[in-house]
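Nothing here was measured: the structure is a model prediction, and the numbers come from that model.
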Amino acid sequence: MPHNDRTPLAHRIQTHVFSTLLFITLALFSAFSHAAEQPADADQQKASYTALADILQDDKARAELISHLREAAKTQTAEPAPAAEKSEPKPEQLSLIDELVDTTQSTVAQLRQRVEKLKDTIDSGPQHSFRADRFFTALGYFLLTVAVTFALFHLIRKLVSPLYVRLGRWGNNARLKQAHWYQLPASILGAFVIDLIILLLTVAAGNLFTQYMNGGSALIARQQALFLSAFAVIEFFKAVLRLIFAPGFSYLRPFPLTDMTARYWNTRLAWVSGLIGYALMVGVPVVATQINYTTAAVVNFVVMLGLTIYASWLILHNRRTIHREFNLLAERSMAFFSVILRALGHVWHLLAVSYFVVLFFLSQFDFAGSLRFMMTATVKSLVVIALGALISGLLSRWISRRITLPDDVNRRYPLLQKRINSYIPAGLKIIRVLVVLSVTLFLLDAWHIFNLNKWFMTESGEKVISGLGHILFILCFAIVGWTLLASMIEHRLGQELTNGARPSARERTLLTLFRNVLAIVICTITVMIMLSQIGLNIAPLLAGAGALGLAVSFGAQTLVKDVITGIFIQFENGMNTGEYVTVMGITGTVESMTIRSIGLRDIYGVFHIVPYSSITTLSNYEREFGVYRASYNVSRDEDVDKANDVLRLAVEELQQDEKIKPLLLGEPTFQGVVGLGDQFFTIRVLVRTRALEQWTVQYALDRLVKIHFEKAGMVMPRQAVQIYKDEGDAGGGGTLPVRAEL
């Protein structure tokens, strides 16, 4: 009753009702809150009881009271909880058992609500009396629509069947590797598109037919529309089945199945899907319209129970066969798909049975909506899995491939090709894992287990997506930066200048050390930034790293000494890789230099590691030049000037030798006689050579000196002894010295 039209009686009734409700509320609150409190005033109770009796005695007032109570009940259910309940403290964090209990209670409550809603729908549904004339008239138009629709559909498919054959042959050429690789997937998708076009043409023709063939009845037109909707949904699902199995055209089959297996599963799945679809989307609504909701619910229960039992039997009956097919397919697939297929072969029957069980229970609460939900979720799942498999397959093929750079690039950047062929496969594997995770999330979203769109809008979803994107960007940026910088350093290390000279040993050593330090710095910074992106506070890590470094500096003084000594050796250019040195009594070639030690290879092939802190004396044979101090002993009986002249001739011939001449630096220095002994005197000449070439010059000069001395008849000193012979009496009065050469 409108507010402005209230009568005095209605106003009085409302006043008494409010008084009574207020009294009852206060009484209940008092009973539960204060059990020892005194009851309300007796006069007030009598007045309330009298008002309630007057209201119940009057029929009109009683009706008003009932109406008002119903409205109050509806309003109170929509009102928020009382302030006392709001102020009730809630636990900050529930235990796992509490969460399981709450989830179970919520599920049971939702199930109870669905059951009550289904009961209310059945009870409140219109009850129709069966009229044979109306039923058979509608049935005639309905069957005519069914016959025309199916006839037109199969006629169009028959007409375009040669096109399927041509697409199959075109795709078969690609299968035999006689054409481009994209022909096979293009032919399969082309056949699917043709199926969809035929379906659209058939549905459009069916709608045009029903506009003129409905007998002028809105009920018949509605039933025809129900059939066409069910026909579109079911035939679309059958088109998906034909896309997978291709029973009539083996060339268009994307999976290696035999013709018998493809026909077997295509026929049975098409029959089950058609029976479920037409029963839920056409049969049950027609029974509900023509008879009543109770009969429709019974028909729905019987049909779905029978189909669920049959589908479960069909799945379990073929469980081992399909398991074997999955294993065979896994053996022919790549390693990544092989693991997934083998795992799917063990659980596929459980997933399939669960699918039909869920469909059975959902169909009991929503006749047509459940099938629509299952079909939509199924199609979404197939599309997501197909796209995921396609992308993962392409990534797997790219992972196994190797990139070959031109010879000129390999010559300038020796390790660039190796780095690219190590980074790209690793990056593609990461992307493949992300594809699998994305497919899993989309599958959960398709079945309404996880709301992906809602999660994207939440703070945690945005944080995860943005953090993941930032991590990938940082990782790619670090890898690209390291590759470019390392390639530039290696290009400089292997570069030959225009004059044919190469970078100095000092430059090569410093660049190598800088490359190692750069790798450590880039890795450390990248890890720190990635940790900050996933929500970790890196300030304590930096502080801890500083404290750790201080502790290491005190606890590992030798290591710090090695590093500092190595830095000073590099600044002083004491030695470089490839140079011939003597360190700690070990003579050899420097093969490696790190921030802590050097590696030496001696003439016997032994590799020595010498820490920088152990180096007290360093001898480097490759600094600017070398000197050969040639000293020769000549018999004291020879002429000194002649010996010097012969030596000069030998040195001059050495200077004319084309092999030795490039090794000499400057003019030799003749020092003359530098030593005088009992049997010989020593002459010396100093020859300056290129670094590490003094031994080559020594071998050549010694050979020439021997040759020239022999030509000049000069004698090298020989060891001499004196023998004393006693020719007299035992007294030894006559002793003669005898000189002999050995």
Between Ser597 and Pro611, is there a donor-acceptor pair closer than 3.5 Å when you use the side chain of the first and the backbone of the second? no
side-chain hydrogen bond (donor to acceptor under 3.5 Å, both in side chains) between Tyr621 and Trp695: does it pass, once the steps are laid out? CA-CA 12 Å; Tyr621 296 90; Trp695 292 284; over 6 Å; no
Are more than 12 heavy atoms, taken from residues, nucleotides or ligands other than Ile609, located less than 6.0 Å from that residue's CD1 atom? no
What are the two closest non-hydrogen atoms of Arg419 and Trp482, and how far apart are they? NE-NE1, 3.8 Å
Against Val651, only a single residue in Leu701, Leu704, Val705 fulfils side chain to side chain contact (heavy atoms under 4.5 Å, CB included); can you say which? Leu701
What I'd like to find out is whether the side chain of Val439 reaches to under 4.5 Å of the side chain of Ile391, using heavy atoms alone. no
Working to the nearest 0.5 angstrom, can you tell me the gap between Lys429 NZ and Leu395 CG? 12.0 Å
Taking atom CG as the centre, does Asp408 end up with more than 12 heavy-atom neighbours from other residues, nucleotides or ligands that are less than 6.0 angstrom away? yes
Leu676 vs Arg636, test: side chain to side chain contact (heavy atoms under 4.5 Å, CB included). Steps then yes/no. CA-CA 8 Å; Leu676 185 63; Arg636 293 188 60 167; 4.3 Å; yes
Find the distance between CD (Gln417) and CD1 (Ile403) and round it off to the nearest 0.5 Å. 8.5 Å
Does Gly461 offer a backbone N or O that forms a donor-acceptor pair with the side chain of Thr458 under 3.5 Å? yes
Less than 4.5 Å apart, side chain to side chain, heavy atoms only: is that true for Ile479 and Leu475? yes
Sort out for me which residue in Thr616, Asn620, Leu618 forms a side chain to side chain contact (heavy atoms under 4.5 Å, CB included) with Val583. Leu618
How about His708 and Glu653: do any of their side-chain heavy atoms sit closer than 4.5 Å? yes
Glu459 atom CD, over 12 foreign heavy atoms within 6.0 Å: no
Just one of Leu663, Val685, Ile660 clears the side chain to side chain contact (heavy atoms under 4.5 Å, CB included) bar with Leu654, so which one? Ile660
State the OG1-OH distance between Thr689 and Tyr628, to the nearest 0.5 angstrom. 11.0 Å
To check you understand the geometry: which heavy-atom pair defines the closest contact between Met575 and Tyr612, and what is its length? CE-CE2, 4.3 Å
Nearest non-hydrogen partners of Val687 and Pro668, listed with the distance: CG2-CB, 4.3 Å
Is there a side-chain contact between Ile603 and Tyr580 (heavy atoms, below 4.5 Å)? yes
Residue Arg342 excluded, over 12 heavy atoms near CZ under 6.0 Å: yes
Crowded around Phe670 CZ? As in, over 12 foreign heavy atoms under 6.0 Å? yes
Would you confirm whether Ser532, through its side chain, and Ile529, through its main-chain N or O, come within 3.5 Å as a donor-acceptor pair? yes
I need the minimum non-hydrogen distance between Arg402 and Ile399, along with the two atoms involved. NH1-O, 3.0 Å
Ignoring hydrogens, what is the shortest heavy-atom contact between Ala712 and Lys642? Give both atom names and the distance. O-NZ, 3.0 Å
In Å, rounded to the nearest 0.5 Å, how long is the span from CZ of Phe442 to CZ of Phe450? 11.0 Å
Of the non-hydrogen atoms in Arg690 and Pro662, which two are nearest, and what is the gap between them? CD-O, 3.3 Å
Please report the C-alpha distance between Leu405 and Ile420 in whole Å, then the side-chain angles of each, then the deciding distance to 0.1 Å, and finally whether the side chain to side chain contact (heavy atoms under 4.5 Å, CB included) criterion is met. CA-CA 10 Å; Leu405 298 178; Ile420 291 177; 4.2 Å; yes
Please determine whether side chain to side chain contact (heavy atoms under 4.5 Å, CB included) holds for the pair Gln694 and Val627, giving the CA-CA distance in whole Å, both sets of side-chain angles, and the decisive distance to 0.1 Å. CA-CA 6 Å; Gln694 57 265 40; Val627 175; over 6 Å; no
About how many Å separate OG1 of Thr526 and CD1 of Ile474, when rounded to the nearest 0.5 Å? 8.0 Å
Count the heavy atoms of every other residue, nucleotide or ligand shown that sit under 6.0 Å from CZ of Phe477, and state whether that count exceeds 12. no
Rounded to the nearest 0.5 Å, what's the gap from CD1 on Ile385 to CG on Leu390? Could you check? 13.5 Å
Using a strict cut-off of less than 4.0 Å between a Lys/Arg side-chain nitrogen and an Asp/Glu carboxylate oxygen, indicate whether Glu710 and Lys706 qualify as a salt bridge. yes
Please assess Val634 against Phe680 for the test side chain to side chain contact (heavy atoms under 4.5 Å, CB included), listing each intermediate value before the final yes or no. CA-CA 5 Å; Val634 184; Phe680 62 89; 5.9 Å; no
Side-chain donor or acceptor of Ser466 paired with backbone N/O of Glu462 under 3.5 Å: yes
